[in-house]
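A, B, ... follow the sequence lines: proteins, then strands. Residue 1 opens every chain.
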Amino acid sequence: MIAAGSTVGAPGKNGAVLAALTTDRPGWSVQLLADDGTAIGEQERVDAERIAALETEHHPRWIWNDTLTTYPALLAAGVRLDRCHDIVMTERILLAREGRFGEPAAAAAVEARRLGHPVPEDLAEDLPSAVPVLFDTHTHTPDPGVDLPALVNAYLDQLSRVATAAAGRPGEDIAVDPGALRLLIAADSACALVAAEMGRFGMPWQPDVHDRILTEKLGARPAPGERPPKMAVLAAQINDAFGFPVNPDSAVDLRGAFRRAGFELETTRSWVIKEVDHPAVPAVLAYKELSRLHSANGWNWLTEWVRDGRFRADYVPAGVVTGRWATKGGGALQIPKVVRSAVVAEPGFCLVVADAAQLEPRVLVAVSGDEKLAALAGDDDLYVGLAEIGFSGDRSKAKLAMLGAMYGQTSGEAGRLVATLRASFPAAMACVETAARRGEQGRLVTTVLGRTSNPPSAAWTEIVDTGAGPEASAAVERRGRQVARDRGRFTRNFIIQGSAADWAAVWLSTLRQSLRQVPGAELVFFQHDELMVHCPAEQGEQVARMVTEAADTARRLVFPHGRARTPVRPLVVKCYADAK
DNA sequence: TCAAATGGCGCC
DNA sequence: AAAGGGCGCCATTTGA
């Protein structure tokens, strides 16, 4: 379990609690340290076996520059480690709070340069998009320009900055408890371990089942560059219905075809086309659906991403500004429901699939401290209670209002419903609306654990300032107001989505710790507010309980003062498609 | 001709 | 039903 407010665990036998590690060729270099950073013994060139022995003997927190470029090679060598401190990930969190967003986050590398070591440009310019993600687990890439003293300096430097960073900066209102920030750092580091482990183990995936789904929907697998049979039939029907050739893959062509047929469409999105009264419409909609399946999760995806019965994704923990995970390639966070029956536990194993029910509205309850809303939070279905209070029992309206409030909807029915919500729950609404106003002013917002929004770009400031200027034309003024409002919607949602991501990160990393007691159990999937464990069938119920307990721990740690609940719903199944 | 932008849609 | 937040990915289109 992650201890809030502490950065290190119990001392090991020899007093060592930390182990700085760099990747060298061949092998690794390690320095054991006490919790104040004092070296214990000598720097050591080590192999995987020695690292495993150090883990057993000292159970240290491993300090390294970047989990995603360090840990996969260790996993490939058969070493699993329990705890780490990820310098790069921590640096991004701290820099954002210090108003130094966008500065190089490779702290150890920066420190190494200060000490006079050469730092290659690619590492020095370590912006989030430039972080090398080496998921080839057999790649063993040395840390260029990073040595053990630099790593230790970077670690101590980061520790010393936590309290100030937690306090934030004058005028920004982003202060959080230092313990919260430490929890965030620990959770993010642990999530990086999860991401590497999950990427290596992979999600059980049966290619024959997937192929059956594709063949059923699309017809036999076509030659490369050809349309699958059922798409070809639909394309022909579309041509017939219009009376002239149309390429349904081309939005330009499709829009032109509808124009010739007398329909002026803003876009060719499916919900727009659905409203058009023309004989081609059903075939167009069917074609779009099949086309999406074929191009995003068709046979090409299957051959590229599924090997040896596993889908191995490249996860990027906290890769999104809000702290949500991202992926590189494979689209692991957009697996369509229609192919989920291909995810099947191995013989003798089961899948424990769990999602957090109505997480975002519950997070709003917690971060806003709205007492009236909190009174509803005990219900299993938050929207039912909400409906009774403000929406004459209409659950769908209550849900729409809540989503509209969190996403910043102002127009249409949802906009009106948000107004109703505001009347009943002023504190909750004030919370999101304050966040929106800060965004409109170009200011920052923070999640509950202290992840801070990125500042607006210079271009944004320019547009907003010009729009507010005395000589602005009506159009320029309108444009300025619009980008300001867009920014407000972003910051409004940031505090909710990001705080939900905080909770989920603690949930995931807490569960990872519990699962060490269950031989054969592996986290195999994580998607924002949902996770999946692959474990021996007889341990399914035990793992399900752990999932629930981890959620409870996460609630206590992340929302210590809140009355919000964060219930999760673990299901023990054979197949992902059965988890509904 | 090639890289970047756009449109569209899957997930939460 | 529509369209507010966050993404990644594909095919097509655009523009240097």
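- Counting only distance, with no hydrogens or angles, the side chain of W325(A) and the backbone of Y315(A) share no donor-acceptor pair below 3.5 Å.
- Distance D314(A) CG to dC7(C) P: 19 Å, rounded to the nearest Å.
- T268(A) and R255(A) are not linked by any side-chain donor-acceptor pair at a separation below 3.5 angstrom, with hydrogens and angles left out of the test.
- Position along DNA chain C of the nearest nucleotide to K274(A) versus E304(A) favours K274(A) as the more 5'-ward residue.
- Backbone-only engagement by V321(A) is indicated by non-hydrogen atom pairs under 4.0 Å involving sugar-phosphate atoms exclusively.
- Ring planes of F311(A) and W205(A): perpendicular class, angle over 60° (limits at 30 and 60°).
- Between L359(A) atom CG and dG6(C) atom P there is a gap of 18 Å when expressed in whole angstrom units.
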Every protein N/O within reach of nucleotides 11-16 of chain C N/O, cut-off under 3.5 Å:
from, atom 1, to, atom 2, distance (Å)
dT13(C), OP1, S250(A), OG, 2.4

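- Judged by distance alone, with hydrogens and angles left aside, the side-chain atoms of D86(A) form a donor-acceptor pair with the main-chain N or O of T67(A) at under 3.5 Å.
- In terms of modelled atom types and a separation under 3.5 Å, the side chain of D314(A) and the main chain of T327(A) share no donor-acceptor contact.
- Residue pairs meeting the salt bridge (Lys or Arg N to Asp or Glu O under 4.0 Å) criterion with at least one member in residues 441-462 of chain A, sequence neighbours excluded, are D173(A)-R443(A), D188(A)-R451(A).
- Using cut-offs of 30° and 60° for the angle between ring planes, the F242(A) and F244(A) rings count as tilted.
- Here the P atom of nucleotide dC10(C) and the CZ atom of R227(A) are 19 Å apart, to the nearest Å.
- The bend of the helix from dT1(B)-dA16(C) to dC12(B)-dG5(C), defined by the angle between the axes of its first five and last five pairs, stands at 10° to the nearest 10°.
- Among the atoms of the strands shown, only primed sugar atoms or phosphate atoms (P, OP1, OP2) are found under 4.0 Å from some heavy atom of R340(A).
- Under the 3.5 Å distance criterion, with hydrogens and angles disregarded, a donor-acceptor pair is assigned to the side chains of S396(A) and D394(A).
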Pairs: protein N or O with nucleotides 3-5 of chain C N or O, under 3.5 Å:
from, atom 1, to, atom 2, distance (Å)
dG4(C), O3', R489(A), NE, 2.7
dG4(C), N7, Q409(A), OE1, 3.1
dG5(C), OP1, R489(A), NE, 2.9
dG5(C), N2, R324(A), NH1, 3.4
dG5(C), N2, Q497(A), NE2, 3.2

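- Residue I495(A) is out of contact with every strand shown, counting any heavy-atom pair closer than 4.0 Å.
- Put simply, chain A comes within 4.0 Å of DNA chain B, heavy atom to any atom, from dG7(B) to dC12(B), going 5' to 3'.
- For residues 206-228 of chain A, the salt bridge (Lys or Arg N to Asp or Glu O under 4.0 Å) pairs, not counting sequence neighbours, are R227(A)-D249(A).
- Residue contacts shown for T267(A) are limited to sugar-phosphate atoms, with no base heavy atom under 4.0 Å away.
- Side-chain contact between V339(A) and L293(A) is present, with heavy atoms from C-beta onward closer than 4.5 Å.
- E289(A) comes within contact range of no nucleotide atom at all, as no heavy-atom separation falls under 4.0 Å.
- A tilted orientation is assigned to the rings of H534(A) and F201(A), their planes being inclined by 30° to 60°.
- Rounding to whole angstrom units, CG of residue D502(A) and P of dG6(C) are separated by 17 Å.
- Note on G330(A): only backbone sugar-phosphate atoms sit closer than 4.0 angstrom, heavy atoms only; bases stay farther off.
- In this entry the distance linking CG of D529(A) with C1' of dC7(C) reads 14 Å, nearest Å.
- Panel note: side chain H210(A), backbone N297(A); a donor-acceptor pair is recorded below 3.5 Å.
- Between E172(A) and T446(A) there is no side-chain heavy-atom pair separated by less than 4.5 Å.
- E289(A) and K274(A) are not joined by a salt bridge, as no carboxylate oxygen comes within less than 4.0 angstrom of a charged side-chain nitrogen.
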